[in-house]
Visitor: 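Sharing a structure here in structure tokens format.
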Number of protein chains: 2
Amino acid sequence: MADRGRPRGFDRQKALARAMEVFWARGYEGSSISDLTGAMGIASPSLYAAFGSKEALFQEAVTHYKATEGPEILAAMDAAPVIRDAVEAYLTTSATTFTRRGKPRGCMVVLSGLTPAAANEGLCEGLRNDRAANIDDLESRLKLAVSAGQLPAEMDTRAVATFYVTVQQGMAIQARDGATRATLMRIAHDAMKAWPALIGVA
Amino acid sequence: MADRGRPRGFDRQKALARAMEVFWARGYEGSSISDLTGAMGIASPSLYAAFGSKEALFQEAVTHYKATEGPEILAAMDAAPVIRDAVEAYLTTSATTFTRRGKPRGCMVVLSGLTPAAANEGLCEGLRNDRAANIDDLESRLKLAVSAGQLPAEMDTRAVATFYVTVQQGMAIQARDGATRATLMRIAHDAMKAWPALIGVA
DNA sequence: CCTTTTCTGTATCGATCGCTATATATTTCA
DNA sequence: TGAAATATATAGCGATCGATACAGAAAAGG
């Protein structure tokens, strides 16, 4: 029912990817409609016709970010048969995605909505939930390993998951500040040096 | 030469402290002049007469932040005779300052300028330098301990300093996301579980 | 007293914000 | 070959941004 009328003159997915990069680099408040339309190569009416509003575009950009950057990290974790290596892969793969040539540095979910203006607090709550979900997901992985007998039943899976997500978030800031991929890898490996003590009974 | 004319009707230091809290909570771009004057209890001409511009006010607010929150962390480190405890104090005292009742959560230097609009990149560069200085300072402390024979001469002081500052920055995000002080303390202690392996020869 | 100096309160400034009305261009369906 | 439908381009909406002009108020110096 939408095959009538003048066809869209731009690739919606490509435009979304461009918008994602702008938000990724400058955050929600730091990205103006003019910044976005410039990067997307379209005029503002086309943006609003295709995406609805700046906020809706941002939401869709975050979803696109999670869909494009997330699976790589999950796949790397799944590829590791040993839980310790899966956690390490979580950090090292993050280091990789945080320092891609031609892409903004660091993590969009971590960096793009930390200091909301009064009007945009709702937006940042969604990102906060995404960050909380990261902890939940990692903890689920740890619990699975506990169930499988790979980890002691008495360990505090919540604390360990929180610790490694915290390190990953710090790595996002380091990446934004210009840390090289090698430096981030070193941080990841150094964080794993706490692993034996962390999985020991608290 | 400034004791003539109508006296200022507000306390400049108190107004600066209020402005600092606004920037701390909402970042540079998220804080409007109207937000600032509202919190400071003055009108905009008074703000500009006393501080010059929004950017100058922000710079002064950052300086004020470092002068009020920094010494507590340094004092806690100085109070620890053993270098391991000094590093732990760096993290635990950060956890304390990140979760003060009535103050914004997390660290102003870490959170207030991560996603600059195109026009404000210079401002955030100052904050980036401040964050880099944190690594330098912690590394200096570690080098001192190496010189004193408290740590092995072959250890990578740069890497260890980078790791613990990264953890601290992650803690700032966790604090902003609502983590309790107890949770941050747990993260700090968990990070110290990497210490023995970190100071061992790489 | 009057002049000078500085601060305050009102009332904006031009620029930009997110967003949209309107007219025109380009397509499909009848 | 229209009529209907959708997209684009121009141009500008009201609101807010950071920043100020101006006049009156409040102090010190003469």
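In the text below, chain A, chain B and the rest are named by the order of the sequence lines, each starting its count at 1.
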Visitor: Between protein and nucleotides 15-25 of chain C, map the contacts as a letter string: B base, S sugar-phosphate only, - none, heavy atoms under 4.0 Å, written 5' to 3'.
Guide: --SSBBB---B
Visitor: Heavy-atom distance under 4.5 Å between the side chains of Leu91(B) and Glu88(B), does that happen here?
Guide: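 A side-chain contact under 4.5 Å is absent here.
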Visitor: Please name the pair of heavy atoms, one in Thr92(B) and one in Ala188(B), separated by the smallest distance, quoted to 0.1 Å.
Guide: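 Here Thr92(B) and Ala188(B) meet closest at CG2-CB, 4.0 Å.
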Visitor: Measure CZ/Phe51(B) against P/dA19(D) and give the value in whole Å, please.
Guide: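 Interatomic distance, CZ of Phe51(B) to P of dA19(D): 14 Å.
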Visitor: Rounded to whole angstroms, how far apart are CZ on Arg8(B) and C1' on dT5(C)?
Guide: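 The answer, rounded to whole Å, is 14 Å.
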Visitor: Restricting to non-hydrogen atoms, name the atom on Val160(A) and the atom on Leu198(A) that form the minimum distance, rounded to 0.1 Å.
Guide: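 Result for this residue pair: CG2-O, 3.9 Å.
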Visitor: Can you tell if the side chain of Leu16(B) reaches within under 4.5 Å of the side chain of Phe51(B), non-hydrogen atoms only?
Guide: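 A side-chain contact exists here, since the closest heavy-atom pair is under 4.5 Å.
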Visitor: Just the rounded figure in Å: distance from P of dG18(D) to CG of Leu57(B).
Guide: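 Whole-Å distance recorded here is 11 Å.
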Visitor: Could you tell me the separation between the CG atom of Leu47(B) and the P atom of dC7(C), rounded to a whole number of Å?
Guide: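 To the nearest whole Å, that distance equals 13 Å.
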Visitor: Would you tell me if any nitrogen or oxygen in the side chain of Ser46(B) comes within less than 4.0 Å of OP1 or OP2 on dT8(C)?
Guide: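 Indeed, a polar side-chain atom of Ser46(B) lies that close.
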Visitor: Which pairs count as ring pair (Phe, Tyr, Trp, His ring centres under 6.0 Å) when at least one residue sits in residues 63-118 of chain A, sequence neighbours excluded?
Guide: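 Passing the test, one end in residues 63-118 of chain A: Trp24(A)-Tyr65(A).
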Visitor: For the side chain of Ala43(B), counting heavy atoms from C-beta on, which of dG29(D), dT26(C), dT10(C) is nearest?
Guide: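 Looking only at side-chain atoms, Ala43(B) lies closest to dT10(C).
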Visitor: Looking at every strand, decide which applies to Phe10(A) at a 4.0 Å heavy-atom threshold: base, sugar-phosphate, or nothing.
Guide: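 Sugar-phosphate contact only.
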Visitor: Side chains of Asp35(B) and Ser32(B): donor-acceptor distance under 3.5 Å anywhere?
Guide: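 The criterion, which ignores hydrogens and geometry beyond distance, is satisfied for Ser32(B) and Asp35(B).
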